[in-house]
Each structure stands twice: as structure tokens, then as C-alpha cells.
Amino acid sequence: MTPALETRDLAREEIELIWTIDRSEVHHHIFEVRDGRLTRVPAFFEIPGWHPKTIEADTIKLRDCFDRGGIFRGAFEGDALLGVSVVDTKPIASRADHLQLFYLYVSRPARVHGVGRQLLADAAEAARCLGASALYISAVPTENTVHFYLRQGASLLTEPDPALFAAEPEDVHLTYPI
């Protein structure tokens, strides 16, 4: 982590700061789950930033998550939010011992500096304190994202939660023991 970085809980009124995170990235491959295994496939595309419809829809979801006790952790450099992790406290029907890692984003300039690793560790600790033994991660299938979680110790769920899978069938559903 960069030396001037401070991690702390976010207040509800700071949720909108999430949209200042530079999530831009160019992708060359994604992962698909085929026959219960991860398969890397070519897929070139660019994510320029946050789509306005995502901001509108996810702001509502994030506020709801916060209001039911979700754990929001931010990594700041001064006043700038460089990364965020969000753990939802809503029970997962098929995995009573899991809590969902609802969000984990790190700003492009802060990647590969340990920010994501620290935010994941903070999320895991928060979930453990709430009685969970694992985080449920519905990860976008991009190569960098999936590799990040696998390097941290996550593994593919062979039987994803039906509701979470229905909500994000293209995602790679992982479990992260804590």
C-alpha cells in the first residue's frame, strides 16, 4: 500500500464518492465457466468508466445495503477515494455461512499497490466479526479481476447461489474462506 493511504469506514453520505473511482481498463480476455472449470477466452473491450445507468441503479442498491448494516470501507489518499469494499449483511439463502462481497473497486492509478488486497482483508475481517466463515464473490469475468481473487485464495463455486447466479449469470461466482 502507498504510505499516505488511510483506510476507514465510509459514511452513508460518502457513497457517491464511489463514482470518483477510476474503474477504466482495457481487457483482452475474460473467463467463462465451462463444465465446472474456468476457461480463459479472448474478448477485447474497454471499460471507460462508470455508466450513468450503473451509477443511478447502484446508488440505490448501495444505500439499501448501507441501511441494512452493510460494511463500507474506503481507501483514501487525502480526500480522494482510491478504492472501496462493501460487504452486504443480507443472508445468502444457499450459503448461510457466507456474506456477499457486494463491491470491490480500486482506482486505476492505485492498482498493484496492495489497495485491493487491503480492502479484501478488511472485508473478510468485517464478515468474520459478523459470524461468516467465507465471502461470496460474484466477480466480473475479466481476466485481471478473476486472477486477483484467485491469487488471494478464492476458489470457484461449483454450485453458485441460485438467486445471485440469476442476477449475474455472466459473472464468475467464487468463495473466499476467511
Side-chain angles (χ1 to χ4, degrees), residues 1 7 18 21 23-47 50-51 54 57-58 61-62 64-65 68-73 75 83-108 110-178:
M1 251 185 0
T7 59
I18 293 170
I21 293 172
R23 71 174 293 225
S24 66
E25 192 170 8
V26 175
H27 300 281
H28 299 276
H29 295 89
I30 62 168
F31 280 98
E32 293 178 354
V33 179
R34 297 181 184 166
D35 298 321
R37 298 173 64 176
L38 287 173
T39 303
R40 185 174 166 261
V41 296
F44 181 81
F45 62 99
E46 182 175 355
I47 297 176
W50 298 100
H51 192 280
T54 300
D58 283 9
K61 292 176 189 175
L62 288 164
D64 288 346
C65 177
R68 67 177 163 260
I71 311 299
F72 286 64
R73 192 84 174 149
V84 67
S85 65
V86 177
V87 175
D88 197 349
T89 56
K90 184 168 71 174
I92 299 172
S94 68
R95 301 199 179 275
D97 63 331
H98 284 57
L99 287 177
Q100 185 182 16
L101 181 65
F102 193 66
Y103 249 61
L104 179 65
Y105 285 98
V106 175
S107 204
R108 186 177 196 153
R111 293 179 196 146
V112 305
H113 294 289
V115 176
R117 190 170 45 253
Q118 180 62 52
L119 288 168
L120 181 60
D122 289 353
E125 179 60 26
R128 185 178 15 261
C129 288
L130 292 171
S133 63
L135 287 171
Y136 187 107
I137 302 168
S138 181
V140 295
T142 59
E143 183 175 32
N144 288 341
T145 299
V146 174
H147 276 160
F148 167 77
Y149 288 121
L150 294 175
R151 280 192 310 268
Q152 302 314 307
S155 59
L156 183 65
L157 278 167
T158 53
E159 294 181 30
D161 177 77
L164 293 175
F165 182 79
E168 298 177 306
E170 302 298 318
D171 281 4
V172 174
H173 294 256
L174 305 163
T175 183
Y176 179 73
I178 52 177

Stepwise side-chain contact (heavy atoms from CB on, under 4.5 Å) check, Asp58 with Tyr103: CA-CA 10 Å; Asp58 283 9; Tyr103 249 61; 2.4 Å; yes
With a 4.5 Å cut-off on side-chain heavy atoms, are [Y] and [X] touching?
X: Val33; Y: Leu38; value: yes
X: Phe148; Y: Leu120; value: yes
X: Leu62; Y: Phe102; value: yes
X: Tyr149; Y: Leu104; value: yes

Any residue meeting side chain to side chain contact (heavy atoms under 4.5 Å, CB included) with [X], in chain and number order, not counting sequence neighbours:
X: Ser133; answer: Asp97
X: Thr39; answer: Arg34, Val41
X: Ile71; answer: Val87, Ala126, Leu130
X: Ala43; answer: Ile30, Phe45

Test item: Arg23 side-chain N/O and Trp50 main-chain N/O as donor-acceptor pair under 3.5 Å: no
Provide the closest heavy-atom pair for [X] versus [Y] in the form atom of the first, atom of the second, distance.
X: Gly69; Y: Thr89; result: O-CG2, 3.3 Å
X: Leu119; Y: Ser85; result: O-OG, 3.4 Å
X: Ala124; Y: Tyr176; result: CB-CE2, 3.9 Å
X: Leu101; Y: Ala123; result: CD1-CB, 3.7 Å
X: Val146; Y: Val140; result: CG2-O, 3.7 Å

Whether His28 and Phe44 hold their rings parallel, tilted or perpendicular, with breakpoints at 30° and 60°: tilted
Atom [atom1] in [X], atom [atom2] in [Y]: separation rounded to 0.5 Å?
X: Asp88; Y: Lys61; atom1: CG; atom2: NZ; result: 11.5 Å
X: His173; Y: Gln100; atom1: NE2; atom2: CD; result: 9.0 Å
X: Phe31; Y: Asp171; atom1: CZ; atom2: CG; result: 14.0 Å
X: Tyr136; Y: Ile92; atom1: OH; atom2: CD1; result: 7.0 Å

Criterion side-chain contact (heavy atoms from CB on, under 4.5 Å) on Asn144 and Arg111, from CA distance to verdict: CA-CA 11 Å; Asn144 288 341; Arg111 293 179 196 146; over 6 Å; no
Qualifying salt bridge (Lys or Arg N to Asp or Glu O under 4.0 Å) pairs with a residue from residues 126-142, counting only residues at least two apart or across chains: Glu125-Arg128
Salt bridge (Lys or Arg N to Asp or Glu O under 4.0 Å) contacts in which one or both residues fall within residues 143-170, not counting sequence neighbours: Arg40-Glu143
Arg68, CZ: over 12 other non-hydrogen atoms inside 6.0 angstrom: yes
For His98, the option from Ile137, Leu135, Thr175, Ile178 that meets side-chain contact (heavy atoms from CB on, under 4.5 Å): Thr175
